[in-house]
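Note sheet for the following structure.
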There are 2 protein chains.
Amino acid sequence: MSETIEKEPSAAEAGAAAAKTLGKRERTKASNKEAILDAAREVFAEVGYGAASVRDIIRRTGLASGTFYNYFKSKEEVFEALMDDGALRIRPVIRAARLASRTFEEFIRNAYKAYFNYVLTDEAQFRLMRRNTGALRVRMVTPEVLAGFDEIQSFVEEDVKSGKVPPMDAELFAAAAVGLAQEMSERMMMRDNPNADEAAEFAANFLLAGLKGVIDRGNAQNNA
Amino acid sequence: MSETIEKEPSAAEAGAAAAKTLGKRERTKASNKEAILDAAREVFAEVGYGAASVRDIIRRTGLASGTFYNYFKSKEEVFEALMDDGALRIRPVIRAARLASRTFEEFIRNAYKAYFNYVLTDEAQFRLMRRNTGALRVRMVTPEVLAGFDEIQSFVEEDVKSGKVPPMDAELFAAAAVGLAQEMSERMMMRDNPNADEAAEFAANFLLAGLKGVIDRGNAQNNA
DNA sequence: CTCAAAAATTGACGGTGCGTCACGAAATGA
DNA sequence: TCATTTCGTGACGCACCGTCAATTTTTGAG
């Protein structure tokens, strides 16, 4: 917890391009963690979660087996970290969409667009997912992403409170939004020429119309 | 591969209530498999997939460890069998809904109703699922169930062909239907007083309105 | 620059669970 | 009754897991 300000070491030496002025400790720690995450991503993508071993992962980093456990408690934990790591990149975008959007519709369109594009962009995560499909599936919509989508629920709840929208089951609606994202993104990814914007538009149209339908039909049983 | 017709054994003996006239071989094989499946369901539900061991499972049956492998190839296989076993109970209902329904709307309503009720009914499957939520999640919508929902895609495709509905991306639409089922059923199950019919109605209204919305908005880019 | 304390790395080790296999028991049907 | 076939058994070898004491590296103060 030393909050002491670092003094430039022997200066120069040029050395690594690491612009950050950090102790060597901190630097190798960060790079090791990154290396382990990268290796894990590869291995999980290649052989699947079940077949992957901690040793397989650590071997690729050149580190010793015991070192793995300085960074992660178990195979499961590194896997979850991997998922969250991916999610962390999309989460702010969804949050930004939330803050920037005055309309619910605007928010939905932006959020889906961001999400679908992210899914397509992240090549490693893509392969990771492809490899892990079965009875035990990877949660592409991780808790982190979920939290992002939960903004949907709160948005709906606000609109309900302000009377813009009749009382309805906001939780189920948010679940629908998440389910759409999960399943549609998965199918989209499997295609030859995936088009994120198109899929996002489809999803958004679907969701917004669905909302309207639910309201019109009067699924207004609120349980609050 | 003996296709020989079974001759009544020593008849009578009354014996087990097993009405079926089967050789003892077949009978114990069936009951063993059932016992293993039951034990596996319990164990997975109690400690989760990761922590469950094949020995934990087989121990509850009183059988020897090696015997497990006469019935299943691995832990993963028995898990999948468990999932399919559950799905097998709902699949015919969805299929029946498909055959009995002349309207797409009718089909959707029946299918969702059947699915949500199934999810709530199957206590063991319920607990199994509750226990297995995380980055690695259980596929409540198993491949078997998926096949049932794929009827949705074919139904839509038919309607497209017959001109009832403008050309659209039936695959993405079906994905949406599946995603709804997966995520909404999960949330529903976590509630204190789950109401399957209500949730099913919500989902059906949502899906049908969504379909309309997608059509109106002209997400008509077909890729066939 | 030196050196002792702190922190991180290492790899060998004990333990656990997996899947196989040779053997014995049970069922089949001639 | 008996040979054949099928199934159950549990010990065995193997691979992986997570730990830990010893070792190396880094740190910061003198």
Side-chain angles (χ1 to χ4, degrees), chain A residues 1-11 13 15-16 18 20-36 39-40 43-44 47-79, chain B residues 1-11 13 15-16 18 20-36 39-40 43-44 46-79 81:
Chain A
M1 301 304 168
S2 65
E3 301 289 331
T4 65
I5 298 168
E6 295 280 336
K7 199 179 61 175
E8 280 283 355
S10 60
E13 216 103 20
K20 306 296 183 61
T21 304
L22 287 168
K24 185 162 185 179
R25 269 265 151 69
E26 305 299 324
R27 258 180 293 132
T28 64
K29 246 168 78 171
S31 89
N32 279 354
K33 186 159 192 171
E34 197 57 43
I36 293 177
V43 173
F44 285 138
V47 304
Y49 179 82
S53 82
V54 170
R55 255 70 173 186
D56 287 342
I57 295 170
I58 204 68
R59 198 174 300 126
R60 302 205 182 192
T61 66
L63 298 168
S65 64
T67 304
F68 175 90
Y69 296 95
N70 290 340
Y71 293 90
F72 300 99
K73 228 175 43 247
S74 63
K75 183 171 79 163
E76 190 165 343
E77 194 183 282
V78 74
F79 185 80
Chain B
M1 306 304 166
S2 66
E3 301 288 331
T4 65
I5 298 167
E6 296 280 341
K7 198 177 63 176
E8 281 282 355
S10 60
E13 217 103 17
K20 305 295 182 63
T21 305
L22 288 168
K24 185 163 184 178
R25 270 268 153 67
E26 306 298 324
R27 258 180 293 133
T28 64
K29 246 167 80 170
S31 87
N32 279 353
K33 185 159 192 170
E34 198 57 43
I36 293 177
V43 173
F44 285 138
E46 281 172 21
V47 303
Y49 179 82
S53 83
V54 169
R55 255 69 173 187
D56 287 341
I57 295 171
I58 203 68
R59 198 173 301 126
R60 301 204 183 192
T61 66
L63 297 168
S65 65
T67 304
F68 175 90
Y69 296 94
N70 290 341
Y71 292 89
F72 299 98
K73 226 172 47 244
S74 63
K75 183 170 80 164
E76 190 166 342
E77 194 182 282
V78 74
F79 185 79

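Chain letters run A, B, ... following the sequence lines, proteins first and then strands; every chain starts at 1.
- In this structure, Glu26(A) atom CD and dT26(D) atom C1' are separated by 11 Å, rounded to whole Å.
- A 4.5 Å side-chain heavy-atom check between Val54(A) and Tyr69(A) finds at least one atom pair inside the cut-off.
- Between the P atom of dT16(C) and the CZ atom of Arg59(B) lies a distance of 12 Å, rounded to the nearest Å.
- As rounded to whole Å, 11 Å separates atom P of dC16(D) from atom OH of Tyr69(A).
- If you take CZ of Arg27(A) and P of dT27(D), they are 8 Å apart, rounded to a whole angstrom.
- For the pair Phe68(B) and Arg55(B), the minimum side-chain heavy-atom distance is 4.5 Å or more.
- Taking each heavy atom of Ser65(A) and Ile58(A) in turn, the nearest pair found is CA-CG2, 3.9 Å.
- Phe44(B) and Tyr49(B) have parallel rings, their planes meeting at less than 30° on a 0 to 90° scale where 60° marks the start of perpendicular.
- Counting to the nearest Å, the C1' atom of dT9(D) and the CD1 atom of Ile58(B) are 11 Å from each other.
- A straight line from NZ of Lys73(B) to C1' of dG19(C) spans 12 Å, rounded to a whole angstrom.
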Whether each nucleotide of nucleotides 5-14 of chain C has a protein heavy atom under 4.0 Å at its base (B), only at its sugar-phosphate (S) or at neither (-) is summarised, 5' to 3', as -BBSBBBB--
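- Glu77(A) places its CD atom 13 Å from the C1' atom of dG18(D), with the value rounded to the nearest Å.
- Atoms CD1 (Ile57(B)) and P (dC18(C)) sit 8 Å apart, rounded to a whole Å.
- By the 4.5 Å heavy-atom criterion applied to side chains, Ile57(A) and Arg60(A) are not counted as neighbours.
- Side-chain atoms of Lys33(A) do not come within 3.5 Å of backbone N or O of Tyr71(A) as any donor-acceptor pair.
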